[in-house]
Amino acid sequence: AQDNKKVLKVVMHSGLRITDPIITTAYIARNHGYMIYDTLFATDERFEIKPQMLKEYSVSDDKLTYTFTLRDGLKFHDGAPVTPEDCIASIQRWGKRDGMGQKLMEYTAALKAVDGKTFTLTLKQPYGLVLASLGKPSSNVPFVMPKRIAETPADKNVPEEIGSGPFRFVKAEFQPGLKAVYEKNPDYVPRSEPPSWLAGGKVVKLDRVEWINIPDYQTAVNALVAGEIDYIEQPPHDFLAILKKSPGIVINNYNKLGFSGMVRMNWLNPPFDNPKIRQAVLMAVNQQDYLDAQIGDPDYMTPCMALFICDTPNATDAGAPMKPDLAKAKQLLKEGGYDGRAIVIMQPTDLAIVAPLAPVTAQALRGIGMKVDLQSMDWQTLVGRRAKQDPVDQGGWNIFHTTWANADLLNPIANVGVNGKGKVGGWFGWAEDAEIETLRDAYARETDPAKQKEIAAAVQKRAYDMGFYYPTGQYAAPLAVRSNLTGILPGPAPVFWNIEKK
Amino acid sequence: MSAQAQAAPAPARRARGLPPALTHPGVLFGLAVLAVVLAAALAAPWLGTLDPIQLRPRLRLRPPSDAAWFGTDAFGRDVYSRVVYGARVSLMIGFCVAAVAVALGLVIGLVAGYVRWLDAVVMRVMDGVMAIPSILLAIALVTLSGAGIGTVIVAITIPEIPRVARLVRGVVLTVREEPYVEAAIGAGTRLPLLLIRHVLPNTIAPLIVQGTYVCASAILTEAILSFLGAGIPTEVPSWGNIMAEGRQAFQLAPWVILFPGLCVAATVLAVNILGDGLRDSLDPRLARRLGSLR
Amino acid sequence: MGRFVAGRLAATLPVMGVVAVIVFALLRLAPGDPAAILAGDAASPEQIVAIRARLGLDEPMIRQFAGWIWRLLHGDLGTSIISNQPVLRLIGDRIEPTLALATTTILFAVAVAVPLGVIAAWRHGTWIDRGVMAFSVIGFSVPVFVLGYLWIFGAAMQLRLLPVQGYVSITQGFGPFIERLVLPTLTLSVIYIALIARTTRASVLEVLGEDYIRTARAKGLAEPRVLTRHALRNAAVPVISVIGLGITLLISGVVVTESVFNLPGLGRLTVDAVLARDYPVIQGVILLFSGLYVLINLGIDLAYLIFDPRIRY
Amino acid sequence: MSPVLEIRGLSVPLPGSGDRAHAVEGLSLTVGPGEIVCVVGESGSGKSVTAHAVMGLLPPVLKPSGGEIRLLGEDVLAASPSRLRALRGGRMAMVFQEPMTALNPVLTVGAQLAEVLEAHAEGPSGRARHERVLALMRDVHLPDPVRMVRAYPHQLSGGQRQRVMIAMALANDPALIIADEPTTALDVTTQAQILKLMRELQARRDAGILFITHDFGVVAEIADRVAVMRRGRLVEEGTAEAVLSRPQDPYTRMLIDAVPSATPPAPRPRPAAKPPVLEVESLAKTYGGGVASGLGGLFGRPGRVVHALDRVSVSLRPGETLGVVGESGSGKSTLARCIARFVDPSAGAIRLDGADIAGLRGRALHPYRRRVQVIFQDPYRSLNPRRRVGPSIVEGPRNYGTPAAVAWERARSLMDLVGLDPSALERYPHEFSGGQRQRIAIARALAMEPDLLIADEAVSALDVSVQAQVLDLLESVRERLNLAILFITHDLRVAARLCDRLIVMLNGRVVEEGETAAVFADPQHAYTRALFAAAPGAHRREAAE
Ligand SMILES: Nc1ncnc2c1ncn2[C@@H]1O[C@H](COP(=O)(O)OP(=O)(O)OP(=O)(O)O)[C@@H](O)[C@H]1O
Ligand SMILES: Nc1ncnc2c1ncn2[C@@H]1O[C@H](COP(=O)(O)OP(=O)(O)OP(=O)(O)O)[C@@H](O)[C@H]1O
Ligand SMILES: [Mg+2]
Ligand SMILES: [Mg+2]
């Protein structure tokens with residue numbers, strides 16, 4: 001039998017179903033990606049982008065050509081060496097799906113292999129986010145796959161799970177939605193630096209990691225207390241108080257960056273086609289209410305109006321409504337000519353972390369005299385429906401809520417909430433604003449961090465003024481683990497290298 | 001194959017339906033409990049309740065106290081108020097599902113039982129509906145048309161219809177052989193009147209009994225649908241969705257699930273006991289067993 | 001007999017056809033879009049459209065239906081949209097826990113309920129009868145998931161008698177296998193004990209009024225013999241019906257029980273698939289369930305043949 | 001010689017709101033060894049309660065309140081449950097009325113027989129038991145016992161089942177056999193065989209037999225002594241000869257007088273020949289066989305083919321009564337149901353006043369329905385239990401457009417005609433006795449002013465005394481309304497009393513046809529002769545006269 005000490009049983013926040021971290025932005029697929037794939041660059045705990053698969057890289061003086069050289073000993077799980085062609089195909093596929101990737105591709109003139117270890121990326125004009133994009137910590141992460149797999153169309157699931165990462169996927173034991181098993185990749189050559197966030201040496205100290213999906217958190221928590229599992233990625237906050245008191249359980253807030261929620265209005269449908277009314281909503285809601293309803297425990301919540309996340313380089317208060325102002329909200333409603341129509345708010349009842357947000361919004365809107373139609377549905381229905389650009393009476397919608405890992409919101413390019421492209425190329429809700437797009441372009445081209453910060457502040461101000469979205473506050477989603485686990489790395493995503501079971 | 005089909009009425013030598021049933025202790029008990037629940041549901045605004053959907057995020061998961069008799073839930077809503085108002089929804093679901101399933105099942109069963117050439121086709125469709133696991137059918141129906149009381153009622157009702165239809169058809173097949181039905185045909189009574197006057201009354205007793213069981217199981221199914229995330233919107237409190245929302249905090253705040261749970265159990269219990277009582281007092285077979293040497 | 005079985009199997013075809021049409025139509029009419037689900041949060045509408053086209057979901061319904069039926073007739077249930085696995089394999093992976101749970105539940109329920117029902121009928125009107133009936137009614141009245149939590153809380157968390165959750169295949173040893181099935185079985189069987197005990201009671205009660213029971217007594221037979229040999233055998237048909245019906249009803253309980261006890265069974269596969277609009281999986285599973293339903297009904301009819309020599313097909 | 005059974009002062013109170021205080025009151029009765037004692041009396045007189053009390057099989061609601069029952073001197077009422085079990089099937093045994101339901105349908109005949117032997121410790125075991133079962137079956141003249149032990153009850157005819165019951169009763173050589181109307185459910189020929197068997201066994205085994213019946217024909221056939229019960233009390237007792245020929249009690253006399261005589265009355269003057277109302281020509285009806293069941297056949301299965309009617313021709317004039325006799329299953333009801341068009345005939349013609357209605361369906365039939373009315377056998381099931389009598393009666397006329405007031409008026413006068421109070425219209429069927437219900441059914445039929453009345457075993461389920469009243473009623477109605485009546489019965493004596501002409505049916509065919517008197521005087525077909533021979537009471541009466 002296996003050595004129990006070397007097997008980690010984990011309950012992740014959701015079951016793994018889609019194994020392609022490029023086709024989907026789902027975090028579970030991203031986490032799966034970190035298990036089996038490796039990345040060219042990686043973000044470390046000081047938000048610096050460090051080479052990961054690369055031995056070295058250089059930038060030409062005109063800032064137009066980046067030259068990347070791969071480390072030695074990189075091998076895919078099928079035994080083939082990692083080549084520049086694999087990297088190029090992987091970047092190209094990612095570039096079709098990811099927001100930052102698409103932006104990077106807009107600026108890219110060519111990706112070329114130079115020799116067996118080296119390839120270049122040539123830009124059309126200088127672009128400030130090349131490394132930030134390639135070293136992107138969260139969805140979609142530009143993972144490196146073999147060329148033959150990376151050539152799968154970007155809108156089709158990859159047929160095989162082959163990477164060059166520290167773990168191998170045990171396909172035979174994969175039960176979609178239930179169980180995913182990873183084993184140590186013995187051929188993996190870690191970097192020599194100590195691990196830091198997603199960068200540094202990925203040293204695997206376990207033989208096997210089993211992701212088990214227990215959809216009922218009550219049961220998952222009981223199983224952790226009973227020692228049947230070792231690790232719960234996101235126990236609901238209500239359980240943390242109990243878990244803290246349970247012997248043998250440790251709460252680990254590995255992800256200091258945390259998470260946040262957003263209230264998103266649909267610009268295509270009245271009344272939110274009117275900026276005054278979007279403004280009214282922003283004046284009516286109260287971040288504290290959201291956090292109280294969603295998290296409850298002050299230890300795990302941080303009010304924060306910075307759209308690019310507090311305590312990160314782009315954090316600012318610019319443009320944020322600091323307090324709810326109901327009188328102002330009502331006045332804005334009147335000015336905007338709100339006609340009393342019912343606002344369709346979609347509430348996903350099966351997603352515990354998002355579910356509490358909608359009723360809070362509903363109550364706030366009612367508070368300023370709006371009519372609300374709070375519709376319950378499962379998350380998947382919501383996901384399907386929010387993609388509809390139709391009017392409300394034809395299956396469209398007015399408001400939905402969602403949550404993000406803050407790692408995805410750190411700048412105006414990554415944060416899809418401030419995308420102003422509208423019906424074509426925009427994000428659900430389809431905010432359309434030429435001014436913000438100009439600002440985002442400027443941000444992308446800017447290479448000076450200080451200037452970038454200024455532009456980010458301007459984007460934020462514009463986003464608040466136009467009512468792009470309302471942040472419902474930041475929260476921590478700590479792990480609950482058995483106390484015999486050590487070496488859990490802090491970072492923006494849960495990773496399983498460096499963990500030891502004592 | 002239906003066990004229910006065999007529940008055909010023997011010629012009721014005692015007849016005249018309900019009155020004797022009203023003296024059965026089970027029937028009385030069931031009706032009494034239902035009356036109390038119904039009264040509470042109707043009088044909800046006058047029973048010291050608060051707005052059941054008013055959120056008070058800062059007061060979440062408080063244990064029962066003077067301010068909140070049954071405690072508060074994860075949104076800080078008053079569980080007592082939600083349970084009292086929830087009675088409306090749960091009872092409505094129980095009654096509506098029972099009424100609609102019985103009504104439609106009755107029509108389908110009558111037609112299938114009497115119109116021979118339609119029988120095979122109709123019953124094949126009913127078999128098909130029955131073959132689909134009812135909970136999956138219900139989930140699919142709820143996702144199809146969006147969560148709402150109406151949808152949930154429809155979704156719970158549809159899988160019940162074939163069972164009622166089978167029951168009615170069984171009764172009809174037996175009754176249509178009764179000499180008094182032939183006598184009525186001989187007297188020139190046309191089909192619709194024949195069904196209404198001679199066949200329908202025989203289906204009433206088994207249908208009332210079946211209706212109570214459908215009602216009880218509908219209340220439970222609503223809870224299960226909520227548990228699986230395909231139930232009534234949380235804006236509208238029902239016992240099922242109060243429990244489903246409270247299950248996360250089952251060990252932390254057991255009161256959220258306890259009180260609606262007790263209400264469901266008590267109501268379903270009462271309805272079931274009522275059904276058993278009605279069956280015992282309306283079913284002539286039992287009377288036969290208890291008497292007669294033959 | 002062989003002809004009867006063949007005839008019955010042929011008669012299932014229209015039922016399965018009805019099921020196929022209902023399921024397909026229902027699913028395609030439901031809102032929600034597997035492409036959007038596949039794409040994830042940050043996807044743009046254009047990307048979703050592309051995925052939909054790639055999956056063939058933008059074709060006319062009739063074409064999709066015909067294609068599905070065509071492949072079905074060739075034994076191909078299709079491939080999951082979401083996880084890219086063959087539906088047959090998904091079902092194969094998940095069938096054991098469900099089958100195991102269903103089997104233990106039915107066996108346990110029958111073993112407990114039939115004697116209870118017989119005794120209640122025999123002692124009709126006494127406190128034993130009332131006790132059994134009260135238990136049955138209460139068993140009917142508690143939502144399954146509440147019962148499950150109570151078991152976990154009591155037996156697994158407080159007393160530490162049994163594991164909280166999970167499933168171990170019978171191939172890895174009978175002990176651990178059964179250990180993990182005890183609580184789910186207890187949870188799920190309560191309602192079936194109630195159902196079966198009630199039916200048994202009613203059926204035996206009715207049979208006890210029959211002339212041949214009087215004949216048996218007139219022969220001077222002892223009561224246990226009258227009850228088992230004469231009453232129960234004749235009461236068997238409705239009891240078997242209700243057991244069969246119970247198996248088909250089991251599925252809703254299984255869905256919940258599997259969630260509460262984290263059993264990797266078909267119930268959860270289906271609910272997940274419904275929520276994710278994973279059409280091929282839902283279609284496959286529902287077809288399987290309804291096929292099972294039809295087979296069970298056939299089994300019940302065959303059991304009638306065994307239990308009642310009067311029935312000859 | 002000490003009696004096998006001695007009942008002294010037995011009283012069994014009735015629970016609650018019965019129509020009288022006691023089911024049985026102060027009953028005393030003895031049965032000696034080798035003696036057949038017949039208990040007669042109208043329905044509800046307490047015969048079965050007495051029998052069950054002896055067996056200790058009374059339902060819990062009925063508890064003897066006084067008196068004693070001694071079986072070979074042992075008090076049965078005082079016996080413990082286990083002693084009682086030993087006595088039952090051992091010292092005493094019982095044969096029940098309904099052979100169709102008294103045997104367990106899911107056990108083989110052999111198993112059920114063997115069980116009686118098993119249940120009693122002194123019985124044989126193993127091979128010997130099997131031999132004994134076969135011997136018993138031979139004793140009761142069951143054909144091919146070796147094969148029949150493995151048969152299930154439904155594979156046996158009613159008469160054979162009753163033989164099995166008797167064999168079961170004989171198994172442990174009981175001292176007392178109680179037979180509760182053992183032949184009532186059987187047709188005459190079978191009945192005759194069973195009675196013969198009982199007599200033969202009693203002669204051979206010397207057991208005492210308590211034989212319950214309401215049929216004086218049967219009494220005349222087998223009784224040594226007769227006890228007459230009425231409303232729970234014994235009203236008369238004596239030897240068969242004495243009671244039958246010199247009844248003392250008026251009740252007994254009434255019962256005996258009510259038995260229809262086996263000789264037909266002189267042919268009554270009939271109205272001048274008018275064209276027939278009904279002409280049935282080569283009527284055939286086949287049950288089963290796929291095609292007819294339409295769409296059902298697609299999913300169902302073809303069944304066994306039964307030729308229930310085979311080229312039957314019948315004609316009937318106004319004011320005339322045609323009797324249809326024949327054993328069970330001979331197609332009598334099928335004929336009636338075809339003529340009334342409750343079923344579709346397979347071939348042939350049915351002409352009502354010349355119009356062929358055999359092929360009509362649905363609405364086309366509507367105008368003809370009024371003219372043919374049927375009275376059914378079971379008075380309990382032929383009235384809708386949930387409707388008052390009045391609406392049941394006016395329903396038909398209203399269907400044909402008679403104004404409500406007229407229909408109700410007619411209903412009231414019909415109540416008068418059938419000898420019921422008009423207030424009966426306001427009551428429910430369960431408030432009436434069987435005989436009264438049959439009158440209501442006749443009134444309902446007459447309300448339609450039919451040309452043809454079909455009475456399908458309309459008096460078979462009734463007590464002799466009630467039977468006589470209903471026959472009188474039919475007779476008077478026929479006179480007054482000049483009705484044609486098709487009278488179906490299996491009882492020759494009843495047929496003789498009412499019918500002008502007779503047809504005898506066998507296996508769906510008419511085997512004999514003629515004027516009643518002629519058929520009685522000189523039956524042509526062997527089967528008709530067998531029917532006459534089997535009629536209970538035939539010999540003794542002949543002997544007596
Ligand atoms: N279980 C019972 N409960 C109450 N009354 C009963 C019961 N069984 C019989 N009786 C009543 O006892 C009386 C005698 O009934 P019993 O069955 O002995 O009549 P019977 O002479 O056998 O009539 P039949 O010829 O119809 O068989 C009737 O008034 C009947 O209603
Ligand atoms: N609906 C039916 N389906 C199939 N066979 C039938 C049906 N009705 C009657 N039969 C068969 O037709 C034959 C004649 O039956 P019918 O009822 O006419 O006999 P009967 O002379 O009235 O007998 P009884 O004296 O028992 O009433 C029987 O063999 C019977 O089994
Ligand atoms: Mg009797
Ligand atoms: Mg007949």
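The chains referred to below are lettered A, B, ... by the order of the sequence lines, with proteins before strands, and numbering in each begins at 1.
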C:Tyr293 side, atom OH; B:Ile132 side, atom CD1 - distance, nearest 0.5 Å:
10.5 Å
Is the CH2 atom of C:Trp151 crowded by more than 12 outside heavy atoms at less than 6.0 Å?
no
Most heavy-atom pairs under 4.5 Å with chain C, out of B:Leu137, B:Ile224, B:Ile219, B:Thr221, belong to B:Ile224
Is C:Ile138 close to chain B through its backbone or its side chain, or both, or neither, when contacts mean heavy atoms under 4.5 Å?
both
Decide yes or no for B:Met130 and C:Val294: does some side-chain heavy atom of the first lie under 4.5 Å from some side-chain heavy atom of the second?
no
Where is the tightest heavy-atom contact between C:Val18 and B:Arg124, given as atom of each residue plus distance?
CG2-O, 4.3 Å
Locate the shortest heavy-atom distance separating C:Phe145 from B:Ala223; write the atom from each residue and the value.
CE2-O, 3.7 Å
Which atoms of C:Met133 are under 4.5 Å from chain B, going by heavy atoms: the side chain, the backbone, both sets, or neither?
side chain
Given heavy-atom pairs under 4.5 angstrom as the criterion, report whether the side chain, backbone, both or neither of C:Val144 touches chain B.
side chain
Please look at B:Leu220 and chain C and tell me whether the side chain, the backbone, both or neither of the residue comes under 4.5 angstrom of a heavy atom of that chain.
side chain
CG (B:Asp127) and CG (C:Asn297) are apart, to the nearest 0.5 Å, by 7.5 Å
Least distance between heavy atoms, C:Ile286 atom then B:Pro133 atom
CG2-CD, 4.5 Å
